[in-house]
Amino acid sequence: MSEPYDPKAIEARWQRRWEADGLYRVAPDPSRPKFYFLTMYPYPSGDLHIGHWYAMAPSDCKARYLRMRGYDVLFPIGFDAFGLPAENAAIQHGIHPYKWTMANIERMRGQLRSMGAMFDWSREVVTCRPEYYKWNQWFFLKFYDAGLAYRAMAAVDWCPRCNTTLAREQVVGAERVCERCGTPVIKKDLEQWFFRITKYAEELLDFSKMDWPERVATLQRNWIGRSEGTEVVYTTEQGDPITVFTTRPDTLFGATFLVLAPEHPLVEKLTTPERRAEVAAYVQRARRQTEIERLAEDREKTGVFIGAYARHPLTGARIPIYIGDYVLLTYGTGAIHAVPAHDTRDYAFAKRYKLPIPVVIAPPDWDGKPLPEAYIGEGVMVNSGPFDGTPSAEGRRRVTEALERAGRGRPAVTYRLRDWLISRQRYWGTPIPIVYCPRCGTVPVPYEHLPVLLPEDAEFLPTGESPLRHHEGFRRTTCPRCGAPAERETDTMDTFVDSSWYQYRYLSPHDPDRPFDPEAGRRWLPVDQYTGGVEHAVMHLLYTRFFTKVMRDLGLVAFDEPMVRLFNQGIILGPDGNRMSKSRGNVVNPDDYVGTMGADVVRAYLMFLGPWDSGGPWNPQGIEGIHRFLHRVWHLVLDTAPGDETPPEAGSPLASAVRRTVHRTLRRVTDDLESFRFNTALAALMECTNALARLRDEGASRTAEWAPALRTLVLMLAPFTPHLAEELWARLGQPYSVHRQPWPEVDPDAVREETITLVLQVNGRVRDRVTVPADLPAAQARDVALASEKVRRFIDGKAVEDVIVVPGKLVNVVVR
RNA sequence: GCGGGCGUGGCGGAACCCGGCAGACGCACCAGGCUUAGGACCUGGUGGACCGCACGGUCCGUGGGGGUUCGAAUCCCCCCGCCCGCACCA
């Protein structure tokens, strides 16, 4: 017996060696095809969680496999280092965010190395360093120059716990809570900076240039929320135009009143003096309500008449104008025309305020009586003047044309997507490079003045205002244009700005002159494979697509999409099947397992749990199976290492059985790795190991095929268990390093079946199995089936109606 | 309400793409070996019901129902259940 498998000693030793040799440093090799493999960079929370391992170990396995397949693989890592936890730590424990973050990063670097991943650390990015965030500011200015960054007053989402505004994407669920901390958000009126992502709404709906999971495409499509319809222009009796958006212009003749959002800019102007008090009260009430209240289900549709009237664009009818909080300022034009007969919300409103409900689309079998509820389906237009008798679909087109001819409307497309609010009232982020001058107004900081440094000495008080606002040295500056005293913007950028382009910075992380080296860009871009959680579908993954399109339009890149392929791994759950959380006490600490069983065991177990995209509970007992497996491999390889044997037999059945076993496994493992099926790849490797152990007991280790078989087995294990494979490779007397070896080729002769098990069925039920030559002709297979004793027992005395022969597989005898 | 996904042993899962031996691989469990004993380790067994001393065999079985087919976990239709996303979006 060889010495026992001691992962602790092996892993530490090889990690040092790999590090010293720069084994994973990427030096572009033009003779090989490139492959940019990117896994989402972690937030430096301080501890490498099992979830990080679950995200990274299989990615590393695949990246290693691709490297062995001959690709020049770029597999970088970095840290998403700006963000709230660092600032909260500063408030709670008095540690400076920079110190806190850097200490965490240092700790996580060690933990990441313990995983044995082939990250190229020389390309590490840390987003809170000026050499990184300078380029956030550079992009901001480029966006500003291109009209894609603007400042506007808006009713924005505010998290009272995080004390900052949030982007629409960062407010989640029906409860409208903060994506980070789960606190219900409130609305505030603030002047904030936005990125004009809506300009790219249409293009962002095009997923044809990449291979992403349909699920993510669907989430983004829903989020962007394109809807086609018509803009209709009403005119108030005071002469103001009010534009509304409708997807059902065929119902235009049923519009009986207008409803404006309470915050609509025209409300003030249009409200008649005698309605003013009531309207003001309603607006006040609407403003005070939280999002939750305003969006509560089955809520009564309320509103107030403002005393003004508009004229219907086609009939000239006099139409009262209301305000109502079911109309959202942020969607469409912030105003609607109500067609109570054909819209449930308008119907409820009309009923409540006793407004007329004229039917203009005849429901099937309509008796001409008032409707008991809104009919929202299609039908034939009625009570619609010249359009009577027109079906809905055609009516939509014709009514829109009529509006266009009259100069009262046009076809329009509306999106649910909002511009990206990037201002954050927090310290630990990228300063927005803008100066406010009393004389020149809003002035961008000149490029040559970048970076605008985040001052180190800030006061951290949980006041709800950015510490920068109280930092006189930062706030007070001079106007870059006129030199007069001026003030800096004190808000910082959303950290999703950092992650929108980090994949480009990896190409030349220390480049002082450009966000990235364009030559390196031509070599490596775009990202070939991206992996990460689906929870970023409408945040990070949408933002980075937007950034790439802007970069393309700025001439920085020559492609349309940042990542060609995307894979979403699942979530690893606690042993109790719940999401891991400290409060539940079900958090699995990978370091414990790494310390006892080794990193290879943890890596392999995470890959073996199940399909990578489904996640699942961590079963503490299950890891024993992988532990045992690696022990079996260790002893299989070492206890039968060549040296002592009797002369090898050539071409014996045992030898070809060894070769067939290994090459069939190779075929399976290769296919599985191509499609991220790590669990079945490992199952195949287990079967292979078990089969080889049995063959050895029959004497197979004395054949000439045994040593090559062990080498192939070790090569196949290399992406999964890099340390174990390196150790075994060395002990087999092979040259360093196993991770520089090519992936073995499947030998088609070796896997060819000589004999197969032919399944014999009667009426579709298995009755017998016989071993026959693989190339047995159909006619003979049929004879074999009919000759089978067990088959005959079921067909004797019955009429054989048909015999189905599937060559190489089965014969089905059909009897009556 | 709209959109998407998923239902297979005690458990995680495999076979589903492309119809052809259901339950690979592993956990757990059971039996045996080793051990003073337990653990660890090794070997074997393990979907259910039934027949048989045994070799073995029969029937049932992939959420439920129906269909297509020589043959369905797999394809089609309906239903049930669970999960996720969006949700007054005009």
Side-chain angles (χ1 to χ4, degrees), chain A residues 4 172-174 176 213-223 225-227 229-230 232 244-248 251 255 259 261 294-301 324-328 330-339 342-346 348-349 376 414-417 534-535 537-538 577 605 608-611 613-629 631-632 635 668 675 677 679-690 757-769 790 793 801-806 808-815:
Chain A
V172 298
R176 310 263 88 207
E214 197 46 46
R215 176 149 174 241
V216 175
T218 303
L219 286 171
Q220 293 200 350
R221 228 177 263 127
N222 290 346
W223 186 257
R226 182 183 201 273
S227 76
T230 304
V232 185
V244 303
F245 174 76
T246 178
T247 53
R248 292 293 302 272
T251 65
V259 187
R294 198 156 157 181
L295 293 173
E297 250 172 280
D298 302 329
R299 202 158 155 278
E300 279 284 313
K301 302 282 173 284
D325 64 7
Y326 77 100
V327 176
L328 309 173
T330 50
Y331 185 77
T333 60
I336 62 157
H337 69 196
V339 183
H342 305 292
D343 181 285
T344 25
R345 297 153 299 176
D346 300 343
F349 192 94
I376 55 171
T414 290
Y415 302 91
R416 210 182 70 104
L417 182 71
V534 75
E535 67 272 16
V538 294
Y605 180 52
F608 184 67
L609 274 178
D613 53 0
S614 58
W618 170 274
N619 175 358
Q621 284 174 318
I623 195 169
E624 291 292 345
I626 291 287
H627 195 212
R628 287 197 272 264
F629 164 60
H631 272 275
R632 283 201 300 276
H635 290 293
R668 287 172 65 186
S675 41
R677 291 190 302 256
N679 57 329
T680 49
L682 277 162
L685 287 165
M686 288 174 178
E687 284 182 65
C688 180
T689 304
N690 296 344
T757 301
L758 188 70
V759 172
L760 307 182
Q761 297 183 331
V762 177
N763 286 349
R765 316 183 77 118
V766 180
R767 296 305 179 186
D768 199 5
R769 300 182 179 95
K790 287 171 186 167
R793 246 195 284 165
E801 281 196 336
D802 198 3
V803 180
I804 315 278
V805 180
V806 183
K809 277 209 169 139
L810 61 68
V811 179
N812 187 17
V813 182
V814 185
V815 295

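All of these numbers come straight from a predicted model, not from anything done at the bench. Residue numbers begin at 1 in each chain, while the letters A, B, ... track the order of the sequences.
Considering all non-hydrogen atoms of both residues, A:N763 and A:V814 come closest at OD1-CA, 3.4 Å. Nearest heavy atom pair, residue A:A537 against residue A:L219, reads CB-CD1, 3.5 Å. Contact record, A:T247 with A:S227: CG2-OG, 4.0 Å, taken as the closest heavy-atom pair.
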Tell me, for nucleotides 54-59 of chain B in 5' to 3' order, what letter each nucleotide earns: B for a base near a protein heavy atom under 4.0 Å, S for only sugar-phosphate near one, - for neither? ---SSS
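Put simply, OH on A:Y605 and CD1 on A:I623 are 7.0 Å apart, with the number rounded to the nearest 0.5 Å. For the atom pair OG1 of A:T680 and CZ of A:R668, the computed distance is 7.5 Å after rounding to the nearest 0.5 Å. The OH atom of A:Y331 sits 12.0 Å away from atom CD1 of A:I336, with the distance rounded to the nearest 0.5 Å.
A stem is defined here as three or more consecutive Watson-Crick or G-U pairs, each with both distances under 3.5 Å; for RNA chain B these stems are B:1-7 with B:80-86, B:10-12 with B:25-27, B:29-33 with B:41-45, B:47-51 with B:56-60, B:63-67 with B:75-79.
B:C79 and B:G85 are spaced 24 Å apart, taking the C1' atom of each and rounding to whole Å. B:G63 sits 6 Å from B:G7 when the C1' atoms are compared, rounded to a whole Å. B:G64 and B:G10 have their P atoms separated by 14 Å, given to the nearest Å. Spacing of C1' atoms, B:C25 relative to B:C78, comes out at 36 Å, to the nearest Å. Atom name P, nucleotides B:C77 and B:C11: the rounded distance is 30 Å, in whole Å. Spacing of P atoms, B:C86 relative to B:G26, comes out at 40 Å, to the nearest Å. B:A73 and B:G66 are spaced 14 Å apart, taking the P atom of each and rounding to whole Å.
Atom pair A:R668:CZ and B:A15:P shows a separation of 10 Å (rounding to whole Å applied). As a whole-Å value, the separation of A:L682 CG from B:A14 C1' is 14 Å. Distance A:K809 NZ to B:A72 C1': 14 Å, rounded to the nearest Å. Per the geometry, CZ belonging to A:F349 stands 19 Å off P belonging to B:A90, to the nearest Å. In this structure, A:F629 places its CZ atom 13 Å from P of B:C42, rounding to the nearest Å. A straight line from NE2 of A:H635 to P of B:U43 spans 12 Å, rounded to a whole angstrom. Between the CD1 atom of A:I623 and the C1' atom of B:C11 there is a distance of 17 Å, given to the nearest Å. Atom CG of A:N812 and atom P of B:G19 are 16 Å apart (whole Å).
Candidate nucleotides B:A90, B:C88, B:G20 were compared by shortest atom distance to the side chain of A:D325, and B:C88 ranks first. The side chain of A:N679 has B:G13 as its nearest neighbour among B:G13, B:C21, B:G3. Minimum atom distance to the side chain of A:N690 is reached by B:C25, of the listed B:C88, B:C25, B:A87. Among the nucleotides B:G3, B:A87, B:A90, the one closest to any side-chain atom of A:R416 is B:A87. Closest to the side chain of A:Q621, from the set B:C27, B:A90, B:A24, is B:C27. Minimum atom distance to the side chain of A:R769 is reached by B:C21, of the listed B:C27, B:C21, B:A15.
Classification of B:G64 as anti follows from a glycosidic angle more than 90° from 0.
Looking at heavy-atom distances under 4.0 Å, A:T344 makes no contact with the nucleic acid at all. A:R221 comes within 4.0 angstrom of nothing in the nucleic acid, heavy atoms only. Looking at heavy-atom distances under 4.0 Å, A:N619 makes contact with sugar-phosphate atoms alone, never a base. Among the heavy atoms of the strands lying under 4.0 Å from A:L609 are primed sugar atoms or P, OP1, OP2 only; no base atom is included. The residue A:R632 sits close only to the backbone: its heavy atoms come under 4.0 Å of sugar-phosphate atoms, none of a base. The residue A:D346 sits apart from the nucleic acid: no heavy atom pair falls under 4.0 Å. Residue A:P611 is classed as a sugar-phosphate contact, given heavy-atom separations below 4.0 Å to backbone atoms only. If you check every strand for non-hydrogen atoms under 4.0 Å, A:L219 touches sugar and phosphate atoms only.
Contact annotation: side chain of A:E214 to base of B:G4, donor-acceptor pair absent below 3.5 Å. In the interface, the side chain of A:N222 is not paired with the base of B:C86 through any donor and acceptor atom under 3.5 Å apart. Checked by distance alone, A:K301 brings a side-chain donor or acceptor within 3.5 Å of a matching partner on the base of B:C88.
In this structure, the side chain to side chain contact (heavy atoms under 4.5 Å, CB included) partners of A:N222, at least two apart in sequence or on a different chain, are A:T218.
Judged purely by atom type and a 3.5 angstrom limit, A:S675 has no side-chain atom pairing as donor or acceptor with the backbone of A:R677. Checking side-chain atoms of A:R248 against main-chain N and O of A:I376 turns up a donor-acceptor pair under 3.5 Å.
The aromatic rings of A:F349 and A:Y326 are tilted relative to each other, their planes meeting at an angle between 30° and 60°. Classification of the A:H631-A:H635 ring pair by plane angle, with boundaries at 30° and 60°, yields parallel.
For CZ of A:R226, the number of neighbouring non-hydrogen atoms (other residues, nucleotides, ligands) closer than 6.0 Å is greater than 12.
Both A:R628 and A:N763 lie close to RNA chain B; mapped to their nearest nucleotides by heavy-atom distance, the more 5′-ward contact belongs to A:R628. Sequence order on RNA chain B of the closest nucleotides to A:A684 and A:V759 puts A:V759 first from the 5' end.
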